[in-house]
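Quick note: residue numbers are just sequence positions, from 1.
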Amino acid sequence: MSIPFFSKLRSQKHYLQLVKPELKQVSEFVEAQSSCFDPEVADYMETVCQSKGKMLRPALVLLVAGATGGIKPAHIRLGALLEMVHLASLVHDDVIDEADKRRDEATANALWGNSLAVLLGDVLFSHAMVLGTEFGSTEFCRRLANTVRNVCQGEVAQSSRLYDLSMTREEYFEIIRKKTASLFSAATGGAYQIYDDCLDMVGDEDDAGKTLHTDATKGKLTLPIFNLLECGDRNVEATLRDAIENREVVDYSAFQDNPVFAEALDKAIQVALEKNEAAREILWLLPQTEYREALAEMTFYMDELLNDCRIS
């Protein structure tokens, strides 16, 4: 069932404009955290805490709050905690992927090496947990701890299944549920990870502002790769399987002129689009407000990003 009252995207940033003052408070809260650390850590953490990106997770917290009763000070703090957990996970991701650029800036591992970057990610994870205790709710602390655990377990699961052709689609979706969707806690989380997987195969680093093609380098099996492994072209399937089994870097650009490559991407994109539609179905249950409209716009924006990954 479609939801006719949801408008298409009025502006890519409209949903952020609606909560702009609150997002500014989230940003200021995160940046201020560097002063909470020992002098030996504070300078490093200042750089890490200033590396915020699209602020999608805090925006979701604030918009859902607005759509379900109103934004309160506690939502500012919750948005900040989730952003810190996200930043910590990105620091670890960049180490694992050996990425040297994110948001057009040098990554922590590029600046200071892998060992220090891992420790900084650990410090930020633990700091978010400490701040979570200030909510005075055992249930909140449990939920935050479970979120951090799921993110870390997702990373471990993915890292342990590199180049593993026995991995199934179901296991892939469980990994992205833990790694990404657990921080979004909505269908759009899975859609965003599928978009990221497609972008890694066909995106441009200058446009993306981060290191790409790490999935091919590290042997990560993602949804478009699963589709390509079952594309029906025996030469493509055999070439891809041999490369993965021999732990070789896969040059996906060699397949891009083959129609099966575009089809593999399209199938992955369609799954993500269906997740976004499912998210809009859920939003339909909320009272009709500008916050609900903005949440829907986020899913339409994700639709646009996904469709931009198609090969025409």
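- Judged as a salt bridge (charged side-chain N to carboxylate O under 4.0 Å, His left out), and not counting sequence neighbours, Asp197 has no contacts.
- In terms of modelled atom types and a separation under 3.5 Å, the side chain of Gln33 and the main chain of Phe29 share a donor-acceptor contact.
- Residues Asn109 and Glu98 are not in side-chain contact: their nearest non-hydrogen atoms beyond the backbone lie 4.5 Å or more apart.
- With rounding to the nearest 0.5 Å, the separation of CD in Glu83 from CZ in Arg57 is 7.0 Å.
- The hydrophobic cluster analysis finds Leu90 isolated: no Ile, Leu, Val, Met, Phe, Trp or Tyr side chain comes under 4.5 Å of it, directly or through other members.
- Between Ile269 and Cys198 there is a side-chain heavy-atom pair separated by less than 4.5 Å.
- Separation of atoms CD1 (Ile282) and CZ (Arg280) is listed at 11.5 Å; rounding is to 0.5 Å.
- Transitive grouping of hydrophobic side chains (ILVMFWY, heavy atoms separated by less than 4.5 Å) keeps Leu111 and Leu119 in distinct clusters.
- A donor-acceptor distance shorter than 3.5 angstrom exists from the side chain of Asp164 to the backbone of Ser166, with no hydrogens or angles considered.
- Judged purely by atom type and a 3.5 angstrom limit, Asp233 uses its side chain to pair as donor or acceptor with the backbone of Asn235.
- No side-chain heavy atom of Val260 sits less than 4.5 Å from a side-chain heavy atom of Phe255.
- Val118 and Leu116 fall into different hydrophobic clusters, where Ile, Leu, Val, Met, Phe, Trp and Tyr are joined by side-chain heavy atoms under 4.5 Å apart, directly or via other members.
- Annotation: ring pair (Phe, Tyr, Trp, His ring centres under 6.0 Å) contacts of Tyr195 (sequence neighbours excluded): Tyr192.
- Glu134 is linked by a salt bridge (charged side-chain N to carboxylate O under 4.0 Å, His left out) to Arg77, counting only residues two or more places apart in sequence or in another chain.
- The salt bridge (Lys or Arg N to Asp or Glu O under 4.0 Å) pairs that include a residue from residues 114-126 number zero, where partners must be two or more places apart or lie in different chains.
- Formation of a donor-acceptor pair under 3.5 Å by the Thr107 side chain with backbone atoms of Ala99 is found in this model.
- Between Thr68 and Tyr291 the shortest side-chain heavy-atom distance does not fall below 4.5 Å.
- The side-chain heavy atoms of Leu56 and Leu60, taken from C-beta on, include no pair separated by under 4.5 Å.
- For the residue pair Leu306 and Ala191, the shortest heavy atom distance occurs at CD2-O, 4.3 Å.
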- Query: Is there a side chain to side chain contact (heavy atoms under 4.5 Å, CB included) between Leu82 and Leu78 once you walk through the steps?
  - Reply: CA-CA 6 Å; Leu82 289 182; Leu78 174 58; 4.3 Å; yes
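- Rounded to the nearest 0.5 angstrom, Ile71 CD1 and Ile76 CD1 are separated by 6.5 Å.
- Applying the salt bridge (charged side-chain N to carboxylate O under 4.0 Å, His left out) criterion to Glu139, with sequence neighbours excluded, gives Arg142, Arg143.
- Scanning both residues, Leu223 and Phe173, for their nearest heavy atoms gives CD2-CZ, 4.0 Å.
- Sequence neighbours left out, not one pair with a member in residues 34-43 passes side-chain hydrogen bond (donor to acceptor under 3.5 Å, both in side chains).
- Contacts of His92 classified as ring pair (Phe, Tyr, Trp, His ring centres under 6.0 Å), with partners at least two apart in sequence or in another chain: Phe125.
- Residues Ala67 and Pro287 approach most closely at O-CD, 4.1 Å, considering heavy atoms.
- Using a 4.5 Å heavy-atom threshold, the side chains of Phe226 and Met167 count as touching.
- With sequence neighbours left out, the salt bridge (charged side-chain N to carboxylate O under 4.0 Å, His left out) criterion links Glu230 to Arg169.
- By the 4.5 Å heavy-atom criterion applied to side chains, Ile225 and Met201 are counted as neighbours.
- Criterion: ILVMFWY side-chain heavy atoms under 4.5 Å apart, direct or through other members. Under it, Leu87 and Val95 are not part of a common hydrophobic cluster.
- Asn246 places a side-chain N or O within 3.5 Å of a backbone atom of Asp242 that can act as its donor or acceptor partner.
- Ion pairing between Arg241 and Glu237 fails under the 4.0 Å rule for side-chain N and carboxylate O.
- Pairing each heavy atom of Cys309 with each of Leu265, the nearest pair is O-CD1, 3.8 Å.
- Remark: side-chain polar atoms of Ser89 are paired, donor with acceptor, to backbone N or O of His86 under 3.5 angstrom.
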- Given salt bridge (Lys or Arg N to Asp or Glu O under 4.0 Å), test Asp303 with Lys275 step by step and report yes or no. CA-CA 10 Å; Asp303 285 352; Lys275 288 183 176 294; over 6 Å; no
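- A side-chain donor-acceptor contact under 3.5 Å links Asn227 to the backbone of Ala264.
- Evaluation of the side chain to side chain donor-acceptor pair (under 3.5 Å) rule for Lys24 yields Glu28 as partners, not counting sequence neighbours.
- Interatomic distance, Leu229 CG to Leu221 CG, rounded to the nearest 0.5 Å: 7.0 Å.
- By the 4.5 Å heavy-atom criterion applied to side chains, Phe261 and Val202 are counted as neighbours.
- The minimum heavy-atom distance linking Gln193 with Ile176 is given by the pair CG-CG2, 3.4 Å.
- Leu295 and Leu305 fall within a single hydrophobic cluster, where Ile, Leu, Val, Met, Phe, Trp and Tyr side chains are chained together by heavy-atom contacts under 4.5 Å.
- Residues meeting the ring pair (Phe, Tyr, Trp, His ring centres under 6.0 Å) test with Tyr44, sequence neighbours left out: Trp112.
- For residues 127-149, the set of pairs meeting the ring pair (Phe, Tyr, Trp, His ring centres under 6.0 Å) definition, not counting sequence neighbours, comprises Phe37-His127, Phe135-Phe140.
- To the nearest 0.5 angstrom, Glu297 atom CD is 10.5 Å from Glu290 atom CD.
- We find that Asp97 and Lys220 are joined by a salt bridge, their nearest charged nitrogen and carboxylate oxygen being less than 4.0 Å apart.
- If you chain together hydrophobic residues whose side chains sit under 4.5 Å apart, Tyr163 and Val236 fall into the same group.
- Atom CZ of Arg292 sits about 7.0 Å away from atom CG of Leu286, to the nearest 0.5 Å.
- Between Val91 and Gly121, the shortest heavy-atom distance links the atoms CG1-N, 4.1 Å.
- No donor-acceptor pair under 3.5 Å is formed between the side chain of Ser27 and the backbone N or O of Leu23.
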